[in-house]
2 protein chains.
Amino acid sequence: MAKRRRRGSQRVTMGEVARLADVSPSTVSLYLRRPDEVSPGRAEKIQAAIDRLGYLPNTMAGGLASSRSNVIGVLVPTITNSFFSETLETLERHLRSAGYQLLIGNTEFDDSREEELIRSILSWNPAGLVLTGFLHTRKSLSVLANNDTPIVEMWDYGQPGLDMVVGFSHHTCGRLVAEHMLRQGRRRMAFVSTNFQRDVRARDRYHGFRETVEAAGGTVKLRELSGRSHAEETGRLTRALMQDHPEIEAIACSNDMVALGVLCECQRQKWDIPGRIALAGFGNLDFTTSTVPPLTTIEPPRREIGRHTARLLLASLASELPEAEKRLDLGVRLVERESV
Amino acid sequence: MAKRRRRGSQRVTMGEVARLADVSPSTVSLYLRRPDEVSPGRAEKIQAAIDRLGYLPNTMAGGLASSRSNVIGVLVPTITNSFFSETLETLERHLRSAGYQLLIGNTEFDDSREEELIRSILSWNPAGLVLTGFLHTRKSLSVLANNDTPIVEMWDYGQPGLDMVVGFSHHTCGRLVAEHMLRQGRRRMAFVSTNFQRDVRARDRYHGFRETVEAAGGTVKLRELSGRSHAEETGRLTRALMQDHPEIEAIACSNDMVALGVLCECQRQKWDIPGRIALAGFGNLDFTTSTVPPLTTIEPPRREIGRHTARLLLASLASELPEAEKRLDLGVRLVERESV
DNA sequence: ATGAAAGCGCTAACAG
DNA sequence: CTGTTAGCGCTTTCAT
């Protein structure tokens, strides 16, 4: 049944629909875009022809002719991470219901890959572009400058940005955790983190943490994983950390997965949390409510970022976004549970 | 500097490059596609013009003219799930290096959304299509039948499929866990699962588990979450389960996140694992090595699915795939740790 | 090796 | 409300 025409792009064209419905192609086109501007009788015949032939419009032809597209490019460091993937999911939902298609690119925390992806996405003539963070290569910047596509930089806040910004301050996250631990009387602290090279935002959180702790007269030992959060390495690092610095009273982690690794190691070593040691994460992942003890963490506005990014993009596309509303700090919230 | 032409699709065209390089547009086109078929001198001038103007080819125009595209559509139930997202990441890497762009769609475990997405992706005239599983609406099937796009159905195995298949048997996963538990002398079992409606594959694992246990004279109590794995609900369900059926000696979970919830609840209730109760998950997520005790689980070939899906697609696109190699069972592996 | 010409399938004025 | 007429920016024969 299938496989009739090899290399057969779109099988049935608008022209064929038009012929079958006995109207002109432009009427079909109009019907597809603004159905109620076509007389009911013809509309019906056109729809019948479409169904009969199984017609699917050719997006490329449409895009070329109208010189605009319903594509929105989104670049994230990795989709293998519930932070970004939940943002993506929300973004997709909102944008799709407005008729847009996401073109998702994985930069793998690599600026030059981002550059390549920006080019590749721009060549689709996208209606909008969403990037993660403020860090882009000089070349990316110049490509972007030559382009009037609306851009949202998300998941970060605090720098001017290229166009629109939707995020929050990671520095503040670190500060909030530090303040909370200090309040509980802890002074000797450590920060266990995924690799800073991979994740610049983890570094910002670290800086916020360290500055706050030190300003209060405390100390911070840093332990950086070699890559993404890896459970075994986290355990090993934690063990070594506690051996080298048995005085440590609190550990802040760059994210909840790392914190889970630390927590398990503490269970294993019978270091009571929060008696012997306090522990905090970042992300408020689902499991943090159920660990023993439940994990104190930071709730980042993952889905809100998606929602507002979509909103700003759509407003910008409709030229309805005043300059003053182009930057949005969504803020974060400390979730106090029992581990600190 | 920026914002010159509003609604200005592509700023610089191939024609302008051609003019600046003093060649014809078709030579530029040729240079872009097969650089070594133009004379070195002109090639150089063309490249200079491209750089000078910051030319980016218009993908839509190219696609329309050649009536083929470098798009490959991928439909997954959710990207918010490391199973699919790792497959996606791998798939993307392999396909991108072959010059393809992924168009990713989220079906949200909803057949009719899948149908809509299939149409939407097909309208891009994609070079290939990747779907998750075998379950599609009748309409999706008929749209697909009218189309000669290569299709891979992934993450499942055991049915004929539409074209190519890359996956593994979820039924086998359930069986492997059951056999392992039976071997350890357990008979009274339970299966705690994410919602079957959302995840048909979890149901297959359950069936594999149940059939094997019952064939050996054991029993299986089923507890189904109302949605995706939710830590609090998992804890609640586990507590109730153990209260209603204190005789239970082993719990198999539909995935590792659920297992983590159960494990934490057991810690909380001081039910020794595996002494009082054995526990197994599915997924071999990173944290499973570090929990106390480490979690026995099933390793699904997440990244292999991505790799082989890319391989089959590419081979099929090059018409180099014999019928016999269109179906691939990647198998799974039981990872025995200390929780069973 | 290069260029001229003819579209790809659709949209967007415009005229009726 | 409907049809005619031009393209959108590129690729692809086919000559040269």
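Quick note on labels: first sequence line is chain A, next is B, and so on, each numbered from 1.
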- Message: Any salt bridge linking R307(A) with E89(A)? Criterion: basic side-chain nitrogen under 4.0 Å from a carboxylate oxygen.
- Response: no

- Nearest-Å distance, CZ (R34(B)) to C1' (dT13(D))? 12 Å

- Should S24(B) be listed as having a side-chain N or O under 4.0 Å from OP1 or OP2 of dG3(C)? yes

- Item | Minimum-distance nucleotide to A65(B) side chain [options: dA12(C), dT11(D), dT2(D)] | dT11(D)

- Check every atom of dA12(C), dT2(C), dG9(D) against the side chain of A61(B) and return the nucleotide holding the closest atom. dG9(D)

- Looking only at dT2(D), dG9(C), dG3(C), the nucleotide nearest the L64(A) side chain is dG9(C)

- Decide if atom CD of E44(A) counts as having more than 12 heavy atoms of other residues, nucleotides or ligands within a radius under 6.0 Å. no

- Note on the structure: Closest of dC8(C), dT12(D), dT2(D) to the S39(A) side chain is dT2(D)

- Counting just side-chain N and O atoms, does R19(B) come under 4.0 Å of either OP1 or OP2 of dG3(C)? no

- So, does the side chain of T13(A) form a donor-acceptor pair with the base of dG9(C) at under 3.5 Å? no

- Distance-only donor-acceptor test (3.5 Å): side chain S26(B), base dG3(C): yes

- Please determine if R113(B) and E92(A) form a salt bridge, counting it only when a charged side-chain N lies under 4.0 Å from a carboxylate O. yes

- When the distance from CE of M14(A) to P of dT11(C) is rounded to whole Å, what number comes out? 4 Å

- Message: Within the 3.5 Å criterion, strictly below it, is a donor on T80(A) or E86(B) matched to an acceptor on the partner's side chain?
- Response: no

- Note on the structure: Between CG of N58(A) and C1' of dT11(C) the distance, given in whole Å, is 12 Å

- Message: Can you tell me if Y55(B) touches the phosphate of dC10(D), counting only side-chain N or O atoms and a distance under 4.0 Å to OP1 or OP2?
- Response: yes

- Note on the structure: Separation of dT11(D) atom P from N125(B) atom CG, nearest Å, is 15 Å

- Taking the side chain of V38(A) as heavy atoms from C-beta outward, which of dT2(C), dG9(D), dT2(D) is closest to it? dT2(D)

- Task: Output yes when at least one side-chain N/O atom of S29(A) is less than 4.0 Å from OP1 or OP2 of dC10(C), else no.
- Result: no

- So, is R68(A) near the phosphate of dT11(C), with a side-chain N or O under 4.0 Å from OP1 or OP2? no

- Message: Could you tell me how far apart Y31(A) (OH) and dT11(C) (P) are, to the nearest whole angstrom?
- Response: 14 Å

- Starting from C1' on dG9(C), measure out to CZ on R33(A) and report it in whole angstrom. 13 Å

- Take atom CG of L32(A) and atom P of dT11(C), then tell me their distance rounded to the nearest Å. 7 Å

- Message: Would you call the rings of F84(B) and W155(B) parallel, tilted or perpendicular, taking 30° and 60° as the class edges?
- Response: perpendicular

- Task: Flag yes if more than 12 heavy atoms outside R52(A) fall under 6.0 Å of its CZ atom; otherwise flag no.
- Result: no

- Message: I need the CD-P distance between E37(A) and dT2(D), as an integer number of Å.
- Response: 11 Å

- Task: Could you check which of dT11(C), dC8(C), dT2(C) has an atom nearest any side-chain atom of R42(B)?
- Result: dT2(C)

- Name the nucleic acid region contacted by D36(A), choosing base, sugar-phosphate or nothing; use a 4.0 angstrom heavy-atom cut-off, strictly under. sugar-phosphate

